Undergrad: 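This is the structure I want to talk about, given as structure tokens.
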Amino acid sequence: MNKTLTINLAGLVFNIEENAYQLLKDYLAAIKNQFKNEEGCDEIVADIESRLAELLKAKTHAGKQVLVDADIHETINVMGKPSDFEENTSDEKQSGSASSNQKTYYTNKTRRVFRDGDNKVLGGVCSGIASYFDTDPLWIRLILVVLFFGFGTGLLLYIILWVIIPEAKTTAEKLEMRGDPIDINTISQTIKEEAEQLKNRVQNFGNGVKNEFTSQRSQSVGNKIGNLLYTVFHGIFKVISKVFGALFVLFGTLLFVALLLVLFNVGTVDGLSVNEFLHAFTGSDFPMFWFKTGLVMCVGIPLCMLVYKGLKLVFGIKTSYMWLNLSAGILWFVGLTLCLYLSLTVASDFSEETLLKTQIDTHFTNTDTLFIKGSNNYEKNITDLDFEMDNDRWLINNTTQPSIWWGKPRVKIIASENDSVSVFMIKTAAGKQKTEASLRAKNINYTAALRDSVLLLNNFFSFVNTDKYRNQGVDVLIKLPKNKVVYLDNSLKYQWYDIENVNGIGDAEMSGKYWKMTENGLTCLSCTKEELMNNKDSVDVHEHIININDSNAHVHIDKHGIEVNSKEAHVKISSDGIKVEEKKK
Amino acid sequence: MKQTINTENTQSQMRKGVLELCTLSVLAIGEAYPTEIIEQLKSSKMMIVEGTLYPLLTRLKNANYLTYRWEESTSGPPRKYYKLTPEGEALLKELENTWDEMVDAVNKLLKENKNK
């Protein structure tokens, strides 16, 4: 005794045994799978079903109403295995006729990119890509030609593509070249088909297991979910990898163009062209050509590889060339070594530093106020300075030959140990050896002069570019005795450097005011209350005195007590008691 | 073992190659539905398995070499009666020429080599 099912095949009703049904179902699924990428797949399957129905009908009569295994096997033998239906015939037909409708006639596989040797100008790259995107090769060629004038990127791209895209040699590859375009539709189609197949497989598996252990069914359900998830994620991953591939190509190409632009002297670093910038550091004896070659290799090769991997992702190319990866790696390493070596030769020029300290003659009587002013020795405004480095502002004047570096000195005022004013000028520079460094320091142009009670300081120091930039700098150190009053002129607003003062006022704001050197340090004589109060968040701790400043209040603590002065109130705590005064606006 | 499989394969390849021509030739006489075509092909021993015919018919139809009409059947599912289009007739002529040339060429070649 066997269980039977009733099925409808091409409009005819059959009674069929369960095992026979499974056989028939698998057979039809296999046929469907065989033609899944073909136009008219449903039609072919329907025709075959219809013929199967006819054949099976002949197997039944009044005395035998149920279809069994043997019937199905015989019918399948007549119809043939799905693998016998197809494949090889298409090759001959394809090469036989070159009519325009062959494209729709025999498309059967997902499209892949190949070089089209039949329509080539150079390597068939453009025609291959054009057939991938269903466009005229002319457009792709035009784009590459335009890119070629963009610093030769077109040529580079072409060579990369030529190397990585295989040529369509066999007929099967030529078919794949013109196969179904890859878009969201075909991808979702593939996912759907795979999921369906999977479902069938899992069902079969489930049926087989059912008879043995019911407990194992859960495992098959688990497998089913796992496999389905795998299929779904595989599809999503495919789409994402294409998006990423496109991004890789885009950014890789853009960055490579940028690299070439920079090296061919188009970009600027803080207003200075890259070549000038490099030359300023390296001097004329530096092998700039090799450095740039190294740079192109070191930065360009990873970018090329990025474009390469991106293209592979976009076009789904799986072939990888060991020799390509290897040689790219070696070239990159050579480039890196070259860059590092040349950079180190420059860096070694910074290894030794020297100080050149000179004292400027000063004869001062204690009663005079000392005025410190800048003697502007550079015609440009300080804000025009060209680029910033190491927190100093630098400028290179290119109009002269050789060009001249202009830099900003740092002026500092501290308390003197004795009763006289003394001014020191400290020139610093670096070099491979001490002698080289001190020669550079000596070559720095900077003057400071005293006229009556005015100390005139150059706003800038300078040196010629033949000396190269090797950490040159000038510090002016002014030592003031106690009770000495000094006026800091506005002209040196940007040159004051980290001058400590009792009031905690910033360097630039110290300009234009009178200051007195007291026991605690420089104290402002001409500052307004607002200025004293506006100093944000400063805490000064001196002997027996603490000053706390922020934008809202000023707190002063000394041996007499505590005084708080804010916009709203004035509070004083002292031996006299506590006094609170509210301020009204 | 492997040798026999290869021989079989070559034979079936040969048959498949001319299946298109034979099908067109069957239809040149007049309308026919797949089972009729199959029977004629089988009688002249051109058919290996029936399944091969259906994709071929669909493709030829999609490429405008064939058209068909439906006809109800008393003994089974409705039938598709196929007919050659003018393009199909042209293709048949072309393929016939190619076939004649090829048969001549192959026979000549085989004879020449046998006589050596």
Side-chain angles (χ1 to χ4, degrees), chain A residues 8-14 27-28 30-32 34-35 37-58 60 75-97 99-108, chain B residues 8-24 33-39 41-42 47-66 68 70-82 85 87 90-91 94-95 97-99 102:
Chain A
N8 168 1
L9 190 65
L12 298 185
V13 176
F14 292 98
Y27 180 62
L28 284 172
I31 289 174
K32 201 165 189 170
Q34 173 72 27
F35 296 115
N37 288 322
E38 186 143 348
E39 199 188 341
C41 159
D42 292 341
E43 195 177 347
I44 296 168
V45 173
D47 286 347
I48 289 173
E49 276 186 15
S50 158
R51 175 63 177 156
L52 282 172
E54 220 172 37
L55 290 170
L56 289 172
K57 184 89 197 286
T60 59
T75 317
I76 289 176
N77 278 339
V78 171
M79 285 302 281
K81 274 178 258 141
S83 53
D84 294 335
F85 293 3
E86 239 260 298
E87 289 306 329
N88 309 306
T89 44
S90 61
D91 279 9
E92 288 175 54
K93 284 166 196 160
Q94 175 66 25
S95 47
S97 64
S99 58
S100 60
N101 53 16
Q102 64 180 200
K103 222 186 225 174
T104 46
Y105 194 179
Y106 300 111
T107 53
N108 51 0
Chain B
E8 256 170 42
N9 194 30
T10 314
Q11 284 166 348
S12 85
Q13 290 302 319
M14 282 180 169
R15 285 204 191 93
K16 273 181 184 174
V18 289
L19 188 61
E20 195 168 32
L21 170 61
C22 294
T23 310
L24 289 170
Y33 78 102
T35 312
E36 286 174 347
I37 303 173
I38 287 163
E39 256 142 39
L41 291 174
K42 266 186 177 164
M47 200 66 171
I48 326 105
V49 286
E50 293 190 8
T52 327
L53 185 67
Y54 295 94
L56 179 68
L57 285 173
T58 308
R59 278 196 212 112
L60 287 169
K61 191 252 315 173
N62 285 344
N64 282 332
Y65 294 124
L66 298 178
Y68 69 90
W70 285 104
E71 200 176 286
E72 290 296 324
S73 154
T74 47
S75 62
R79 293 162 175 174
K80 270 179 177 172
Y81 275 85
Y82 285 95
T85 60
E87 288 103 318
L91 179 65
E94 207 180 300
L95 291 179
N97 287 339
T98 317
W99 174 252
M102 206 165 80

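Reminder, nothing fancy here: chain letters follow the sequence lines and each chain counts from 1. Predicted, not measured: the structure shown is a model, and the values here were computed from it.
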Undergrad: A10(A) and P77(B): which non-hydrogen atoms are nearest, and at how many Å?
TA: O-CB, 3.5 Å
Undergrad: Side-chain contact, heavy-atom cut-off 4.5 Å: R51(A) with L53(B)?
TA: no
Undergrad: Examine whether an atom of I48(A) lies under 4.5 Å from a heavy atom of chain B, and if so say whether it belongs to the side chain, the backbone or both; otherwise answer neither.
TA: both
Undergrad: Calculate, to the nearest 0.5 Å, the distance between atoms CD and CD belonging to E54(A) and E50(B) respectively.
TA: 9.0 Å
Undergrad: Return the CG to OH distance between D47(A) and Y68(B), rounded to the nearest 0.5 Å.
TA: 8.0 Å
Undergrad: Can you tell me how far apart CE (M79(A)) and CD1 (I38(B)) are? Round to the nearest 0.5 Å.
TA: 6.5 Å
Undergrad: Taking atom NZ of K32(A) as the centre, report whether more than 12 heavy atoms of other residues, nucleotides or ligands fall under 6.0 Å from it.
TA: no
Undergrad: Using heavy-atom distances under 4.5 Å, tell me whether L55(A) contacts chain B through its side chain, its backbone, both, or neither.
TA: side chain
Undergrad: Between P78(B) and S50(A), what is the shortest heavy-atom contact and its length?
TA: O-OG, 4.2 Å
